[in-house]
Amino acid sequence: MTELSDKDLENQVAAALEEVDDPELGIDLINLGLIYDIQVQEGICTITMTLTIMGCPLADTLDKQIKEAVTAIAGIDECQINLVWEPAWSIDRLSRYARLTLGIHD
C-alpha cells in the first residue's frame, strides 16, 4: 500500500472538516471560512483556525469534533488546533454556499 503524501493528507483533512458543522449555523467549518490553514507533518495535523466570536460557547464541542474527524484519517495520529484571532473572522470569509444558505445576498 502506498503511503500518502502530507499534501494528500491535508486534502483529506479539508474534506473531513467539510463534514464538521457549526451546531448553531448548520454549515461546515470550511464553508464558514473558519479554517485558515492545514499542515500535516509526520502524522501530526496542525489546524490553524478561528471562531466567529471570542468566547464561543461551542468551542469545546468543535474542538472535540475536529479532532475526532481528523484522527479518523489513516496516516494521522494526532491533531493540534491553533486557535487564532488574527485575522479576525468576518462574513467576507463565507463561501458562496454559506452565503446562500444563510440568506446573505451581496
Side-chain angles (χ1 to χ4, degrees):
M1 184 172 186
T2 307
E3 195 170 311
L4 294 174
S5 72
D6 290 343
K7 190 66 178 165
D8 290 333
L9 288 170
E10 289 166 6
N11 290 336
Q12 285 189 21
V13 169
L17 294 176
E18 287 181 337
E19 302 300 318
V20 178
D21 288 344
D22 178 299
E24 289 183 322
L25 300 174
I27 299 172
D28 68 87
L29 304 180
I30 297 290
N31 279 294
L32 284 174
L34 297 176
I35 305 300
Y36 290 170
D37 188 47
I38 299 168
Q39 298 274 327
V40 175
Q41 194 169 33
E42 297 179 14
I44 300 171
C45 177
T46 302
I47 297 171
T48 301
M49 65 173 291
T50 195
L51 298 171
T52 54
I53 57 168
M54 277 190 175
C56 175
L58 299 170
D60 289 342
T61 300
L62 290 174
D63 185 273
K64 183 176 184 242
Q65 290 177 343
I66 290 166
K67 288 179 178 177
E68 285 175 358
V70 172
T71 57
I73 297 169
I76 297 186
D77 305 312
E78 184 181 337
C79 177
Q80 301 172 350
I81 297 174
N82 179 25
L83 189 60
V84 298
W85 301 108
E86 292 292 329
W89 181 87
S90 73
I91 63 169
D92 295 337
R93 296 196 52 87
L94 294 172
S95 71
R96 183 173 186 275
Y97 165 79
R99 288 175 181 277
L100 291 171
T101 301
L102 295 172
I104 298 172
H105 307 285
D106 295 337

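Position 1 is the first residue of the sequence, and the numbers go up from there.
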Hey, does Ile53 have a side-chain heavy atom less than 4.5 Å from the side chain of Trp89? no
Please tell me if the side chains of Leu17 and Val70 come closer than 4.5 Å, counting only heavy atoms from C-beta onward. yes
What are the two closest non-hydrogen atoms of [X] and [Y], and how far apart are they?
| X | Y | result |
| --- | --- | --- |
| Glu18 | Asp28 | O-CB, 3.1 Å |
| Ala69 | Ala16 | O-CB, 4.1 Å |
| Cys56 | Leu51 | CB-CD1, 3.8 Å |
| Cys79 | Ile47 | SG-CD1, 3.9 Å |
| Pro23 | Leu62 | CD-CD2, 3.9 Å |

Any link between Val84 and Met49 through a network of hydrophobic side chains (Ile, Leu, Val, Met, Phe, Trp, Tyr) touching at under 4.5 Å? yes
Rounded to the nearest 0.5 Å, how far does [atom2] of [Y] lie from [atom1] of [X]?
| X | Y | atom1 | atom2 | result |
| --- | --- | --- | --- | --- |
| Asp21 | Leu29 | CG | CG | 7.5 Å |
| Leu32 | Leu94 | CG | CG | 6.0 Å |
| Asp22 | Leu34 | CG | CG | 7.0 Å |
| Ile27 | Leu102 | CD1 | CG | 3.5 Å |
| Cys45 | Ile66 | SG | CD1 | 10.0 Å |
| Tyr97 | Asn31 | OH | CG | 6.5 Å |

So, [X] side chain and [Y] main chain: donor-acceptor pair closer than 3.5 Å or not?
| X | Y | answer |
| --- | --- | --- |
| Thr50 | Trp85 | no |
| Arg93 | Ala88 | no |
| Glu10 | Val40 | yes |

Step by step, would you call Ile30 with Ser95 a side chain to side chain contact (heavy atoms under 4.5 Å, CB included)? CA-CA 8 Å; Ile30 297 290; Ser95 71; over 6 Å; no
Results of side-chain hydrogen bond (donor to acceptor under 3.5 Å, both in side chains) for Asp37 - residues two or more places apart only: Gln39
Flag the pair Asp60 and Lys64 as a salt bridge only when some basic side-chain nitrogen lies within less than 4.0 angstrom of an acidic carboxylate oxygen. no
